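What follows is one structure encoded as structure tokens, with my remarks underneath.
It should be emphasised that the depicted structure is a prediction, and the values quoted were computed from it without experimental measurement. Letters A, B, ... mirror the listed sequences (proteins, then strands); counts begin at 1.
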Amino acid sequence: MKHVLLHRKEKTVSNFLDQLNKEQYDAVVQAEGPVMVIAGAGSGKTRVLTYRIAYLLSKGVDAFNILALTFTNKAAREMKERVLKLVGDGEGRNVWMGTFHSIFSKILRIDGHLLGYPSNYSIYDSTDSKRLIRQIVSDMQLDSKVYAQSFVAGRISMAKSSLMNADQYTNNPDVQTVDEASGKPMIKDIYRAYQARLKKADAMDFDDLLFNTYLLFAGFPEILYKYQQKFQYIMVDEYQDTNYAQYLIIKRLAANTENICVVGDDAQSIYAFRGANISNMLNLKKDYPDIKLFKLEQNYRSTNTIVQAANQVITFNKEQIKKTVWTDKGAGTRIDLIKASSDNEEGNLVAAAIFDQKMNNQLPNNAFAILYRTNAQSRSIEEGLRKKNIPYRIYGGLSFYNRQEIKDLLSYFRLVINNNDDEAFHRIINVPARGIGKTTLEKMMVAGDENGLSLWQVAEDPNSFGLALNSGTARKISDFITMIKSFMALNKSKDAYEIASYIATTSGLVKMHKDEETPEGISRVENIEELLNGIKEFTEKAVETNEGDLSIKKSLGEFMQDVALLTDADTDSDEDKDKVTLMTIHASKGLEFPHVIVVGLEENLFPSIQSISTRSELEEERRLFYVAITRAMSHLTLSHAESRYRWGNFTFTEPSRFLEEINAELYNKPKESGLNKQAVKRNFSDSFNTSFTKRPLKPMHRAENTPSAPSASQPTDGNIQVGMEVEHVSFGLGKVISIEGEGPNKKATVFFHAVGQKNLLLRFAKLMVVGNG
DNA sequence: AATCGGAAGGTTTTT
DNA sequence: CCTTCCGATT
């Protein structure tokens with residue numbers, strides 16, 4: 001049987017299917033057989049996937065037989081919510097929806113023992129991996145400059161996502177030629193040692209989650225069969241970002257029924273650097289000659305100006321699947337261009353622009369997103385926002401889970417769950433300081449290596465390895481082991497929150513940071529508390545899902561299974577609701593915001609200096625720009641600075657080539673810095689005439705008929721003075737504390753009785769004078 | 001063994 | 001610029 005027949009259990013499905021356009025509908029109801037949906041930005045990609053799941057359920061397909069894979073937890077969660085909204089709380093919950101990594105990690109917890117992994121295996125994040133690689137490079141007495149950890153990690157990751165183990169890596173002449181040419185012929189040995197250490201620690205890195213799943217399916221046909229039977233209907237989101245390992249796993253899983261539906265947009269492929277391969281999309285036709293192809297081209301997200309800009313940009317790429325994204329929305333407002341003299345001024349101007357737009361259109365903070373190419377750019381932006389008292393939330397960057405104190409505590413948890421987790425052991429054996437120093441640890445590591453044992457196994461019985469430890473040190477080690485064992489014993493009866501907070505105190509971690517008595521120490525304690533709160537929430541959620549049955553609470557082990565695959569973007573608390581979003585463009589994929597500001601549009605930054613040497617890299621940068629533009633629903637602002645501090649050095653920068661790939665008539669007149677209007681005007685024409693010389697430009701239009709043009713509101717600021725009592729439409733009565741700026745940028749700081757101090761741009765605030773103070 | 005200070009090195013992008 | 005690592009000092 002090639003295609004599983006749908007059970008007949010007719011329900012009225014028309015009511016929710018009405019909400020789809022023709023193409024979306026066709027893609028949704030094509031339930032059987034291979035399907036590829038090429039979905040332009042904002043064309044309802046997620047909608048198709050969620051409605052498809054709902055449709056399958058309504059046709060009587062068992063929820064347990066559906067698998068939906070995404071790339072980010074955020075996307076998975078969103079899909080889940082939307083499915084539950086469509087089909088109600090019951091059945092929808094049983095659909096397997098999650099990221100590749102989380103779904104595969106589950107499979108490996110169940111069946112990984114066939115590959116020699118216990119179900120409580122640890123997951124090493126990239127920090128752990130790199131630390132281990134550095135350790136190995138140093139153990140092998142190689143030059144750590146030649147064998148830079150991130151470079152080696154990159155090579156190993158690339159090998160794993162191409163399903164190449166250390167032996168295959170060693171025996172592959174192409175790979176070896178590359179390594180020899182780059183003067184790094186020992187990578188193959190580092191790879192082998194690295195894998196041995198991971199195995200010894202009962203640990204997998206991110207790439208192993210995919211690689212091992214592949215090995216499991218390839219080596220154990222009965223396991224593959226089991227999951228083929230289970231996952232009769234497979235859906236994959238963001239298919240353009242799959243790598244070879246993911247491609248092959250999906251292909252195997254779907255081999256039986258061929259009920260596979262992939263959704264993607266080649267124009268939004270931005271992870272080639274990580275091994276993602278667009279040809280997975282193009283090759284699908286070869287794998288499934290009878291594949292049904294659907295194109296979603298109507299954009300429901302953005303104004304025509306934004307759609308046009310995106311389309312114009314992408315035409316500069318040679319490699320693409322032809323499609324025409326269109327919208328029936330109006331032109332909307334034009335694109336604003338901000339030109340700042342420096343990175344700091346860019347921060348100020350961006351903050352000012354947000355402030356203006358907020359005041360002008362009565363918008364909440366969360367209507368805005370600021371997107372950048374690299375995390376390092378957030379700093380100057382943050383400063384600008386802080387000065388204007390605009391609340392913001394940064395996603396990514398130094399992630400919460402990567403903070404020292406959090407990693408320390410999590411390492412305790414990891415060691416409790418999996419004693420052999422060497423990275424965790426290494427990290428906390430002397431945190432807080434308990435007199436077990438480098439020398440001792442060094443000895444234990446050597447013994448562990450020689451005997452193929454983990455640090456824990458050595459530490460449990462140091463004498464049998466002939467380690468010349470003095471009795472004091474031996475005592476300290478056995479105390480540590482005893483402590484961890486006591487945690488393990490308690491862990492059997494306690495829920496996640498109880499044991500976690502017990503460990504946080506008993507280990508001495510909290511006390512250690514409290515004793516620092518510095519602001520950093522205080523914030524570390526707060527972070528630990530935040531983690532514990534998160535665990536509490538996790539524990540209590542279990543009670544909810546068990547219909548209030550208090551006896552079933554989630555364990556620490558269950559928490560740890562999830563946490564390794566979580567990122568910062570996955571923790572959204574209520575207080576983050578009304579804040580401006582700051583994130584990298586990569587992190588913004590799949591999201592949308594009414595107002596989007598893309599900053600740092602400068603040569604060598606965006607496009608990145610590392611990606612301008614080859615056409616394919618440059619095209620990926622351009623797709624990244626495409627993604628950035630298409631996040632915007634109603635208004636887009638592009639910004640660049642003429643100078644920027646780059647690792648402490650002041651450097652001059654040129655506007656990005658991408659800026660001129662958008663036709664001039666889509667741009668608005670520039671934001672004025674308020675310093676020198678004539679200079680700004682001159683600079684503006686400069687930026688279009690000197691730096692934008694590669695294409696003939698049409699004359700700029702003035703922004704007369706732009707609805708949100710600032711001139712639309714009446715300036716009433718002529719007579720506002722310090723000390724005056726004034727009234728604001730929404731803030732009520734207040735007193736003017738100070739005034740700054742000139743002309744259209746004149747601002748006042750006003751203390752309102754009801755809401756406290758506010759900074760107002762007088763041209764929008766429409767203050768009424770009620771007294772002269 | 002712990003602490004402090006200086007040097008060096010690092011910026012893509014993420015599960 | 002900021003973080004991290006290493007070595008010298010106590």
Side-chain angles (χ1 to χ4, degrees), chain A residues 69-76 98-105 123-127 129-131 134-135 138 144-145 148-151 153-154 157 160-161 204-210 238 241-243 245-246 269-276 343-344 371-380 395-399 401-404 429-442 470 472-473 476 562-570 583-589 600 604-612 617 620-621 623-625 627-628 644-651:
Chain A
L69 294 166
T70 66
F71 268 81
T72 65
N73 295 300
K74 204 167 192 156
T99 65
F100 282 92
H101 289 83
S102 75
I103 298 283
F104 293 168
S105 78
I123 298 173
Y124 279 10
D125 67 17
S126 32
T127 316
S129 297
K130 284 183 188 163
R131 199 164 114 151
R134 179 162 29 81
Q135 182 76 249
S138 132
S144 64
K145 278 177 202 147
Q149 43 188 346
S150 49
F151 185 90
S157 173
K160 286 186 179 177
S161 44
M204 300 192 202
D205 65 15
F206 287 140
D207 297 307
D208 284 335
L209 295 175
L210 308 182
E238 309 277 14
D241 287 329
T242 51
N243 63 29
Q246 290 161 328
S269 160
I270 54 176
Y271 285 106
F273 72 95
R274 212 170 86 186
D343 47 357
N344 285 329
L371 308 180
Y372 34 77
R373 177 69 239 266
T374 66
N375 281 304
Q377 286 166 259
S378 70
R379 235 193 44 242
S380 52
Y395 292 82
L398 214 212
S399 124
Y401 296 101
N402 256 327
R403 288 180 196 174
Q404 196 195 111
I429 178 72
N430 206 26
V431 178
R434 44 176 76 86
I436 304 168
K438 215 159 71 180
T439 325
T440 312
L441 194 56
E442 200 72 34
N470 64 45
T473 308
K476 287 168 189 161
D562 287 356
V563 79
L565 300 170
L566 286 185
T567 57
D568 227 22
D570 304 319
M583 56 170 57
T584 63
I585 301 165
H586 282 90
S588 75
K589 197 173 65 160
N604 298 337
L605 179 61
F606 192 16
S608 161
I609 189 162
Q610 277 127 120
S611 305
I612 47 180
E617 284 174 327
E620 175 145 320
E621 292 286 308
R623 290 192 297 268
L624 195 54
F625 186 46
V627 169
R644 183 173 296 277
Y645 273 92
R646 277 192 115 171
W647 42 148
N649 287 332
F650 185 82
T651 49

Open item on the list: Check this one for me: any side-chain N or O of A:R131 less than 4.0 Å away from OP1 or OP2 of C:dT4?
Closed with: no
- [ ] Measure the spacing between OG of A:S129 and CG of A:D205 and express it to the nearest 0.5 Å.
- [x] 4.5 Å
Task: Integer angstrom distance from the C1' of C:dC6 to that of B:dT11 - done: 23 Å
- [ ] Starting at atom CD of A:Q149, determine the distance to atom P of B:dG10, rounded to an integer number of angstrom.
- [x] 8 Å
Open item on the list: Please classify the nucleic acid contact of A:R134 as base, sugar-phosphate, or nothing, using heavy-atom distances under 4.0 Å.
Closed with: sugar-phosphate
Open item on the list: Tell me the interatomic distance from A:L624, atom CG, to B:dT14, atom C1', rounded to whole angstroms.
Closed with: 13 Å
Task: Proximity to the side chain of A:A433 - top-ranked nucleotide from B:dT13, B:dT12, B:dA2 - done: B:dA2
Task: Gap between atoms CG and P, on A:N73 and B:dT15 respectively (whole Å) - done: 7 Å
Open item on the list: Expressed as a whole number of angstroms, how long is the span from A:L210:CG to B:dT15:C1'?
Closed with: 8 Å
Task: N/O (side chain, A:K438) to phosphate O (OP1/OP2, B:dA1) under 4.0 Å - done: no
- [ ] Measure from the side-chain heavy atoms of A:S126 and tell me the nearest of B:dT15, B:dT14, B:dG9.
- [x] B:dT15
Task: Residue mapping more 5' on DNA chain B - nearest nucleotide basis, A:Q610 or A:F206 - done: A:Q610
Open item on the list: Can you tell me if A:N375 touches the phosphate of B:dT13, counting only side-chain N or O atoms and a distance under 4.0 Å to OP1 or OP2?
Closed with: yes
- [ ] Whole angstrom is fine here: how far is it from CG in A:N430 over to C1' in B:dA1?
- [x] 8 Å
TODO: Please answer whether B:dT13 and A:F273 are stacked, defined here as ring centres separated by less than 5.5 Å and planes angled under 30°.
DONE: yes
Task: Integer angstrom distance from the C1' of B:dT12 to that of C:dC5 - done: 23 Å
TODO: To the nearest Å, give me how far apart CZ (A:F151) and P (B:dT13) are.
DONE: 18 Å
Task: Given DNA chain B, 5'-ward residue of the pair A:H586 and A:A148, judged by closest heavy atom - done: A:A148
TODO: Output yes when at least one side-chain N/O atom of A:N243 is less than 4.0 Å from OP1 or OP2 of B:dT15, else no.
DONE: no
Task: Interatomic spacing from CZ in A:F606 to CD in A:Q377 - rounded to 0.5 Å - done: 9.5 Å
Task: Given C:dC1, B:dT15, B:dT12, the nucleotide with the shortest approach to the side chain of A:S608 - done: B:dT12
Task: A:R274 side, atom CZ; A:N243 side, atom CG - distance, nearest 0.5 Å - done: 8.0 Å
Task: Sugar-phosphate only, base, or nothing, as touched by A:F71 at under 4.0 Å among non-hydrogen atoms - done: sugar-phosphate
- [ ] Please determine, for the side chain of A:Y271, which listed nucleotide (B:dT14, C:dC2, B:dT15) has the closest atom?
- [x] B:dT14
Open item on the list: What's the separation between atom CG in A:N73 and atom CG in A:D562, rounded to the nearest 0.5 Å?
Closed with: 8.5 Å
Open item on the list: Once you apply a heavy-atom cut-off of 4.0 Å, does A:R379 come out as touching a base, just sugar-phosphate, or nothing?
Closed with: sugar-phosphate
Task: Distance, rounded to the nearest Å, where A:K589 contributes NZ and B:dT13 contributes C1' - done: 11 Å
TODO: Would you indicate, yes or no, if B:dT12 has its OP1 or OP2 atom less than 4.0 angstrom from a side-chain nitrogen or oxygen of A:T584?
DONE: no
Open item on the list: Using the side-chain heavy atoms of A:R373, tell me which of these nucleotides is nearest: B:dT14, B:dT13, B:dT15.
Closed with: B:dT13
Open item on the list: Name the residue from A:L605, A:T584, A:I585 that meets the side-chain contact (heavy atoms from CB on, under 4.5 Å) definition with A:T374.
Closed with: A:L605
TODO: Could you tell me the separation between the CG atom of A:L565 and the P atom of B:dT14, rounded to a whole number of Å?
DONE: 16 Å
Open item on the list: As an exercise, state the distance from CG of A:N402 to OG of A:S126, rounded to the nearest 0.5 Å.
Closed with: 7.0 Å
- [ ] Give A:S102 one of three labels, base, sugar-phosphate or nothing, depending on what nucleic acid heavy atoms sit under 4.0 Å from its own.
- [x] nothing
Open item on the list: For A:F273 and A:Y271, take the angle between the two ring planes, folded into 0 to 90°, and tell me which bin it lands in: parallel under 30, tilted 30 to 60, perpendicular over 60.
Closed with: tilted
Open item on the list: If you compare every side-chain N and O of A:T439 against the phosphate oxygens of B:dA1 (OP1, OP2), does one of them come in below 4.0 Å?
Closed with: yes
